[in-house]
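In what follows, a single structure is set out as structure tokens and then discussed.
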Amino acid sequence: MRRDLSAPLIAVPWPEGVTRVPLTTERAPLCRKLMNEAYSEGYGDVRTYVEWWTSTTARPEWDPNLCYLAAEDDEIVGFSHSWTDNFIKDLVVARRWRRRGLGSALLSEALALYAARGAASVDLKTDVDNLTARSLYKSLGFVIVERAPITQA
């Protein structure tokens with residue numbers, strides 16, 4: 001899916017009781033824990049923290065400033081992770097915080113940062129069957145982008 005950043009952005013307030021906190025090496029394992037909990041439901045890869053952190057931080061597209069964490073007290077309840085090439089890699093929200101605006105707030109922050117950096121658009125991918133995620137993305141202006149099938153040479 002793609003969001004054209006020339007269209008007006010939708011500013012979404014953070015839900016009450018949640019604050020944005022920076023990504024730190026101490027919080028990174030909590031982010032992977034949240035990702036594994038969310039992805040164990042079927043949409044994403046469940047991996048060890050070490051495997052994820054090592055591969056993530058080694059990529060040239062990695063920038064910790066493109067990670068948004070939402071915390072309720074000391075618990076990470078939302079995480080958005082993006083790449084420098086205008087791609088949103090992960091967006092996860094703790095089950096009890098879903099449908100309360102947290103995913104929209106995290107995504108809205110990421111879009112605003114990309115727009116401030118001068119990006120023309122932002123991409124992400126989601127499973128075609130993940131209707132909840134697709135609905136969220138569409139509500140913030142994302143559209144489905146058709147891609148040509150990959151052919152083997």
Side-chain angles (χ1 to χ4, degrees), residues 1-15 18 20-23 27-28 30-49 51-70 76-153:
M1 298 184 81
R2 178 169 292 147
R3 172 58 154 89
D4 177 355
L5 294 178
S6 67
L9 295 178
I10 302 164
V12 179
W14 285 78
V18 175
R20 181 174 170 208
V21 295
L23 177 64
R27 290 185 180 122
L30 302 173
C31 294
R32 188 64 226 183
K33 179 178 182 258
L34 178 62
M35 293 168 72
N36 284 345
E37 288 169 4
Y39 291 157
S40 69
E41 298 170 7
Y43 299 112
D45 61 329
V46 175
R47 300 166 61 189
T48 68
Y49 164 72
E51 178 185 28
W52 168 72
W53 188 248
T54 302
S55 65
T56 295
T57 57
R59 290 188 60 144
E61 304 90 358
W62 163 249
D63 180 350
N65 296 313
L66 294 173
C67 295
Y68 297 99
L69 284 67
I76 301 303
V77 295
F79 177 60
S80 171
H81 167 214
S82 301
W83 296 126
T84 58
D85 61 357
N86 306 338
F87 184 79
I88 297 173
K89 170 73 173 97
D90 295 291
L91 176 68
V92 294
V93 174
R95 179 176 289 283
R96 74 178 187 286
W97 276 97
R98 293 180 190 164
R99 300 195 180 277
R100 295 170 64 182
L102 182 53
S104 295
L106 286 162
L107 197 53
S108 177
E109 289 254 347
L111 293 174
L113 180 63
Y114 278 124
R117 288 180 167 212
S121 64
V122 175
D123 291 339
L124 57 77
K125 72 176 188 175
T126 189
D127 192 287
V128 69
D129 296 328
N130 192 344
L131 301 180
T132 301
R134 286 179 46 198
S135 176
L136 167 64
Y137 303 145
K138 284 183 179 183
S139 75
L140 290 174
F142 281 84
V143 296
I144 295 174
V145 178
E146 295 295 327
R147 298 194 180 211
I150 298 172
T151 57
Q152 298 292 330

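Just so it is clear, the model here is predicted, and its values are computed rather than measured. Atoms considered below: every heavy atom in the structure, side chains included; atoms not considered: hydrogens, waters and symmetry mates.
- Residues satisfying the side-chain contact (heavy atoms from CB on, under 4.5 Å) test with Ile10, not counting sequence neighbours, are Val12, Leu140.
- Legend: salt bridge (Lys or Arg N to Asp or Glu O under 4.0 Å) pairs involving residues 34-45, not counting sequence neighbours, sorted by first then second residue: Lys33-Glu37, Glu41-Arg95, Glu41-Arg98, Asp45-Arg47.
- Residue pairs meeting the ring pair (Phe, Tyr, Trp, His ring centres under 6.0 Å) criterion with at least one partner in residues 96-126, sequence neighbours excluded, do not occur; the list is empty.
- Of all the heavy atoms in Pro15 and Gly101, the pair that sits closest is CG-C, 3.9 Å.
- Taking the side-chain hydrogen bond (donor to acceptor under 3.5 Å, both in side chains) definition, one finds that Ser6 meets it with Asp4, sequence neighbours left out.
- Sorted by first then second residue, the side chain to side chain donor-acceptor pair (under 3.5 Å) pairs that include residues 133-143, not counting sequence neighbours, number zero.
- Applying the side-chain contact (heavy atoms from CB on, under 4.5 Å) test to Ala110 and every residue at least two apart in sequence or in another chain returns Tyr68, Ser80, Ser82, Ile88.
- Checked against side-chain hydrogen bond (donor to acceptor under 3.5 Å, both in side chains), Asn65 has the following partners two or more places apart in sequence or in another chain: Asp63.
- Arg59 pairs by the salt bridge (Lys or Arg N to Asp or Glu O under 4.0 Å) definition with Glu61, not counting sequence neighbours.
- Ring geometry, His81 versus Trp83: the interplanar angle exceeds 60°, so the pair is classed perpendicular (tilted spans 30 to 60°).
- Between Arg2 and Val145, the shortest heavy-atom contact is CB-CG2, 3.3 Å.
- Shown here are the side-chain hydrogen bond (donor to acceptor under 3.5 Å, both in side chains) partners of Arg20, two or more places apart in sequence or in another chain: Glu109.
- Contacts of Thr56 classified as side-chain hydrogen bond (donor to acceptor under 3.5 Å, both in side chains), with partners at least two apart in sequence or in another chain: Trp52.
- In this view, Arg27 satisfies the salt bridge (Lys or Arg N to Asp or Glu O under 4.0 Å) rule with no residue, not counting sequence neighbours.
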